[in-house]
Colleague: 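Can you read through this structure? Questions will come right after.
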Number of protein chains: 2
Amino acid sequence: MNAPLHFKAATLHDVAKAAGVSLITASRALSNPGVVSEKTKAKVQAAVEATGYIPNMLAGGLKSKRSLMVAGIVPALSVSQFLPTVQSLTTTLAAAGYQLLLGQTAYDPEREEAVLNTMIGRQPDGIVMTGLVQSQRARDRLRRSGIPVVETWDLSDRPIDMVVGFSHLKVGSAVAGYFLSKGWEEVGVATGSDHRAQLRREGFVATMGRDIPTAVVPAPSSLELGRRALADLLAKAPKLRAVCCSSDTLAQGVVVEAQVRGLRVPEDLAVCGFGNADFGAHTAPSVTTVHVDGPEIGRLAAQLIIDRCSGRPGAQKVFDLGFRMIERQSTCASAPA
Amino acid sequence: MNAPLHFKAATLHDVAKAAGVSLITASRALSNPGVVSEKTKAKVQAAVEATGYIPNMLAGGLKSKRSLMVAGIVPALSVSQFLPTVQSLTTTLAAAGYQLLLGQTAYDPEREEAVLNTMIGRQPDGIVMTGLVQSQRARDRLRRSGIPVVETWDLSDRPIDMVVGFSHLKVGSAVAGYFLSKGWEEVGVATGSDHRAQLRREGFVATMGRDIPTAVVPAPSSLELGRRALADLLAKAPKLRAVCCSSDTLAQGVVVEAQVRGLRVPEDLAVCGFGNADFGAHTAPSVTTVHVDGPEIGRLAAQLIIDRCSGRPGAQKVFDLGFRMIERQSTCASAPA
DNA sequence: CTGTTAGCGCATTCAC
DNA sequence: GTGAATGCGCTAACAG
């Protein structure tokens, strides 16, 4: 005796009637089982099976003020750097009963503001941003909304609410320190146009202590853009000895272009990426990079929101997860693959 | 005169009061402006600004039965093959006022069923699956729910509702036809373990007309797995002349492993991928592949749901978007990059 | 342990 | 054009 083809979905009312209990008892049997007798619970369970009942979480959320949804906002899904973060964010949230509402900003502050407004209207229990929120109006509005917000992949003294990330300036500086230790003179930067990549470049240039030839390519980066960036850099600096790239994808493109031009990597040209993408350890040569724990960023962001929603305090607002350089063959012939 | 820090968000009731109109007039001024006088609209607009009102879409959806949310379900976000589809899906939906609820199944039919049940509870106006829904119970439940469902990246005579994709069997067959035309005798397959990749392998083997050495790697694929797959295949078939891969990522790994072993691609070993990933045209050698219009799949899926929600008929249920082979250097030394 | 009462914030009837 | 009632499906309060 199946439900009719889709006249109307069963409601909790139908379940209660079928089980011979009151509406609220049925509700409790499902969402707060500890407080209902075993016998009643069994009756309700049977009624749920019989009716094919699926709770309407929108209705529940309206009253309880908990939507069990979290908004996750990225520049674009194609920015593979953020994928492990979004993946672990989604997984961690799902394990706690939350679903992710996805938004894309296309690196555009206006779209960002629009997306955030739409999201707020859906009453998410939390918002996770990749990057810091650009628009001041959006920051104010978020702060006043009272919704827990986690900004990620960056740091700030004055986050909207919480922030989980690392210092891009320090990343750039660390790579520059590494380049200096190698004694490379003629160096260049291949970088995406986005804010965080530019910050890394600033850190790099500051530590190098002088102006550095730079090729800027539009975000998101790609292998093709990496190839173009190297062509661009070689035109500016024919004796180029080493390149600092704002992503492993870009670095891979630089390596390919170098090889096509007959340059040996790392003997003629050293290349460093960023992000520790999974492929970087397995290319030939393998690519030196800066490791950032993307999955942990997502997991922690999710946990912070889950904790906040559970009423736990959470004193700490700023979480610096740091980074570390991974030396591979693209800067050091004797490095392990 | 800002709203208090977050005592309570403004409701439509507050807006109506501030504007000196009734609740329903305020509602209409926002959601059905054509039917309200200009003067009233202006007053309501001003009140919206003053109160910082953001509509609660959960509440609206409860009554109107339209949540303006669409569930999008992928095996895992890290399967880069689906990214362009999810991206265009999200963008197309957003342009029509819909948001995407993201779910991940990890290629596990049980998780798939669980995810679908959760999603149905959120009353989405549509559900977009990558792949066909495996579990028969989930299929029945979805059909009865009356929610528009689009299965994608595959074809079926009996979709739950609608399907947008192409024939994986035919893809495999087309690649086999190409290999046969080249006269390659010793060929192998490197394939992911997922259902659709296996279908392509079946098509390939059927057209080759004999058993083919195969290396199966767990989905999702990676460059590293591609390298391992070639090692595996060469152990089975030392005279291997050509490899058919279930993704461009795998193909890239096969190329790298071949080069490391001193095999020239394509002279000693030809390699074909699948998916036309953006990097494949820019590696050295560039990678022959099968192009599938991922963004169009997402766009069409979104459009079908939007149309259905707007009450338009939509007679066609099955959309075969086809595919085409792109010959590049990894199978043909004289091919363009 | 169970039930009754009252809404959550909005949009769909109807009236005027 | 505008407004007053009613209820979407569910759960927080309180009662018993």
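The shown structure was predicted, so the numbers you read here are calculated from the model rather than taken from an experiment. Residue numbers begin at 1 in each chain, while the letters A, B, ... track the order of the sequences.
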Colleague: Among B/V74, B/D154, B/L116, B/I160, which one satisfies side-chain contact (heavy atoms from CB on, under 4.5 Å) with B/M129?
Modeller: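 Exactly one candidate clears the test, B/L116.
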Colleague: Restricting both atoms to N or O, compile the protein contacts to nucleotides 9-15 of chain D shorter than 3.5 Å, with distance only.
Modeller:
from, atom 1, to, atom 2, distance (Å)
D/dG9, OP1, B/K65, NZ, 2.7
D/dG9, N2, A/A59, O, 3.1
D/dC10, OP1, A/Y53, OH, 2.4
D/dC10, OP1, A/N56, N, 3.3
D/dC10, OP2, A/L12, N, 2.4
D/dT11, OP2, A/S27, OG, 2.7

Colleague: With a cut-off of less than 4.0 Å, is there a side-chain N or O of B/S37 near OP1 or OP2 of D/dT2?
Modeller: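 For B/S37, the contact criterion (side-chain N or O under 4.0 Å from OP1 or OP2 of D/dT2) is met.
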Colleague: Just N and O in the side chain of A/T25: are any of them under 4.0 Å from OP1 or OP2 of C/dT2?
Modeller: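 It does not, given that no N or O in the side chain of A/T25 lies less than 4.0 Å from OP1 or OP2 of C/dT2.
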Colleague: Measure the distance from CG on B/N32 to C1' on C/dT13 and round it to the nearest whole Å.
Modeller: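 Atom CG in B/N32 sits about 14 Å away from atom C1' in C/dT13.
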Colleague: Distance check, rounded to the nearest 0.5 Å: A/Q123 atom CD versus A/S67 atom OG?
Modeller: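 Those atoms lie 7.5 Å apart.
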Colleague: Only one of A/R137, A/Q136, A/R144 forms a side-chain hydrogen bond (donor to acceptor under 3.5 Å, both in side chains) with A/D140, so which one is it?
Modeller: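 Only one of A/R137, A/Q136, A/R144 forms a side-chain hydrogen bond (donor to acceptor under 3.5 Å, both in side chains) with A/D140, namely A/Q136.
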Colleague: Could you tell me whether B/D125 and B/R308 make a salt bridge, using a distance below 4.0 angstrom between a side-chain N and a carboxylate O?
Modeller: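 No, B/D125 and B/R308 are not salt-bridged.
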Colleague: In this structure, are over 12 heavy atoms from other groups packed under 6.0 Å from B/R312 atom CZ?
Modeller: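 Atom CZ in B/R312 is packed in, count exceeds 12.
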